[in-house]
Amino acid sequence: MENLFDIELTLRLLGLDFVRHALLASALLGLVAGALGPLIVMRRMAFAVHGTAELAFTGAAAALLLGMVFEGVAVEYGAIAGAVLAALLLGILGGRSAERDSVIGVVLAFGLGVGVLLLWLYPGRAHTQLGLFIGQVISIDRTNLAVYAVSTVAVLGVLALLYRPLLFASADPVVAAARGVPVSLLTPLFAVLVGIATALGVQTVGMLLVLALLVTPAAAACRVTSSPTRAIVLAIAFAELAVLGGIVLSLAPGVPISAFVTAISFAIYLSCRLVEHLRARVRRRKDADASEGAATAGAAAPAAGR
């Protein structure tokens, strides 16, 4: 950690191709995570994201094994397949809010158990296996970057087309269904979008810490604004700051980026909570002053009449 603030080394590493690939892929992930995050928070799907990450990890572990036999089976393809499968399971089996947590717990345990078995069967390097848990963003190449780009365009395109009904269904699913919004169809579809974003996050920050990008920036944004549009803009900015800042800070000391990403995300969240608290204090003070002023004016009116 003695190289943590070595600016010269950091600038030299930023000129390397694999670092630029990592920055571009992480920027795309931050864009997707920030766009989906406020809806995830609104739908109370933080636990579902964690459950989806478990099967993304399982799919990535399966891809490691298959990649030893069949060429072209990349980890990100397995992660996306596993995450989409998990999203469909959660969206179909957990349709009722009363049973959603139990369904997520069942899927989470199953995914983690199978993933551990697949990793045990994989005879490759331990560092590759560990990368599924804590991320391995420096391994991203041009092929991986293309997958990130296509996934980002697909997720943002679907989100743009269905944003208004998704927002309505997220804010009040009962009223949305009564108004004719296909809530039963939008729920698994949105879960698939979250699954794709989760799969991209597994290779960047790892299965254990994907919540730092999909939930924390959005939760911070929702603390300082009630506007869905502003929340998305702030969530994207916070996610980009966390993931890109985490990469830059991790270059010189050579440590996994996940620790820095989570630390930056948590600092942003605490800062937004502080802003929310200060705003509430100012609002209460103004309300108290207004009430006091109204009481004084009310007391002065009878006196003036006499």
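This structure is a prediction, so every number in the text was calculated from the model and none was measured.
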Could I get the full list of side-chain contact (heavy atoms from CB on, under 4.5 Å) partners for [X], not counting sequence neighbours?
| X | value |
| --- | --- |
| A242 | L213, V261, I264, S265 |
| P228 | Y163, L167 |
| S170 | L39, M42, R43 |
| A160 | none |

Atom pair [atom1]/[atom2] of [X] and [Y] - distance to nearest 0.5 Å:
| X | Y | atom1 | atom2 | value |
| --- | --- | --- | --- | --- |
| I236 | L31 | CD1 | CG | 5.0 Å |
| F110 | L55 | CZ | CG | 7.0 Å |
| L29 | L200 | CG | CG | 6.0 Å |
| L16 | L251 | CG | CG | 8.5 Å |
| L24 | L244 | CG | CG | 9.5 Å |
| T10 | L249 | OG1 | CG | 8.0 Å |

Identify the two heavy atoms, one from [X] and one from [Y], that lie closest to each other, and give their separation to 0.1 Å.
| X | Y | answer |
| --- | --- | --- |
| L211 | A46 | CD2-O, 3.4 Å |
| G37 | A218 | C-CB, 3.1 Å |
| G30 | A239 | O-CB, 3.6 Å |
| A231 | A221 | O-CB, 3.5 Å |
| A235 | P217 | O-CB, 3.7 Å |
| G115 | F57 | CA-CE2, 3.5 Å |

Kindly indicate whether the side chain of [X], heavy atoms from C-beta on, has any atom under 4.5 Å from the side chain of [Y].
| X | Y | result |
| --- | --- | --- |
| F260 | V248 | no |
| V32 | L36 | yes |
| P165 | L186 | yes |
| F168 | V183 | no |

Show the atom names and distances, to 0.1 Å, of all donor-acceptor pairs under 3.5 Å that link a side chain in residues 150-157 to residues at least two apart or in another chain.
from, atom 1, to, atom 2, distance (Å)
S151, OG, V147, O, 2.8
T152, OG1, Y148, O, 2.7

Practice task
Determine which pairs satisfy side-chain hydrogen bond (donor to acceptor under 3.5 Å, both in side chains) with at least one residue from residues 235-246, sequence neighbours left out, and list them in order.
Solution key: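 Matches after skipping sequence neighbours: none remain.
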Handout entry: All pairs passing side-chain hydrogen bond (donor to acceptor under 3.5 Å, both in side chains) where residues 214-225 contributes a residue, at least two apart
Key =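 Qualifying pairs, neighbours excluded: R223-E276, T225-R230.
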Exercise for the section: Could you list the residues that satisfy side-chain hydrogen bond (donor to acceptor under 3.5 Å, both in side chains) with R44, not counting sequence neighbours? Expected result: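 side-chain hydrogen bond (donor to acceptor under 3.5 Å, both in side chains) list for R44, sorted by chain: empty.
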Exercise for the section: Could I get the full list of side-chain hydrogen bond (donor to acceptor under 3.5 Å, both in side chains) partners for R179, not counting sequence neighbours? Expected result: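 If we apply the side-chain hydrogen bond (donor to acceptor under 3.5 Å, both in side chains) test to R179, skipping adjacent residues, there are no hits.
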Does [X] belong to the same Ile/Leu/Val/Met/Phe/Trp/Tyr cluster as [Y], with side-chain heavy atoms less than 4.5 Å apart forming each link?
| X | Y | answer |
| --- | --- | --- |
| Y269 | I232 | no |
| L28 | V233 | no |
| I247 | I7 | yes |
| V19 | L9 | yes |
| V194 | V41 | no |

Exercise for the section: For the pair V224 and R279, evaluate side chain to side chain contact (heavy atoms under 4.5 Å, CB included) and give the outcome as yes or no after the intermediate values. Expected result: CA-CA 9 Å; V224 295; R279 282 181 176 177; 4.1 Å; yes
Exercise for the section: Please confirm whether the backbone N or O of L23 pairs with a side-chain atom of S26, one donor and one acceptor, at under 3.5 Å? Expected result: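 Checked: no pair found.
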Practice task
Output every pair passing salt bridge (Lys or Arg N to Asp or Glu O under 4.0 Å) with a member in residues 18-28, not counting sequence neighbours, ordered by first then second residue.
Solution key: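 Listed once each, the pairs are D17-R20.
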Handout entry: Connected hydrophobic set around L278, excluding itself, where side chains approach under 4.5 Å
Key =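 L278 clusters with L274.
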Less than 3.5 Å apart, which donor and acceptor atoms pair up between the side chains of residues 58-65 and the rest of the protein, not counting sequence neighbours?
from, atom 1, to, atom 2, distance (Å)
T58, OG1, E54, O, 3.0
T58, OG1, G111, O, 2.4

Exercise for the section: Any chance you could lay out the side chain to side chain contact (heavy atoms under 4.5 Å, CB included) test for V282 and R285, step after step, and finish with the verdict? Expected result: CA-CA 5 Å; V282 171; R285 187 174 301 170; 5.7 Å; no
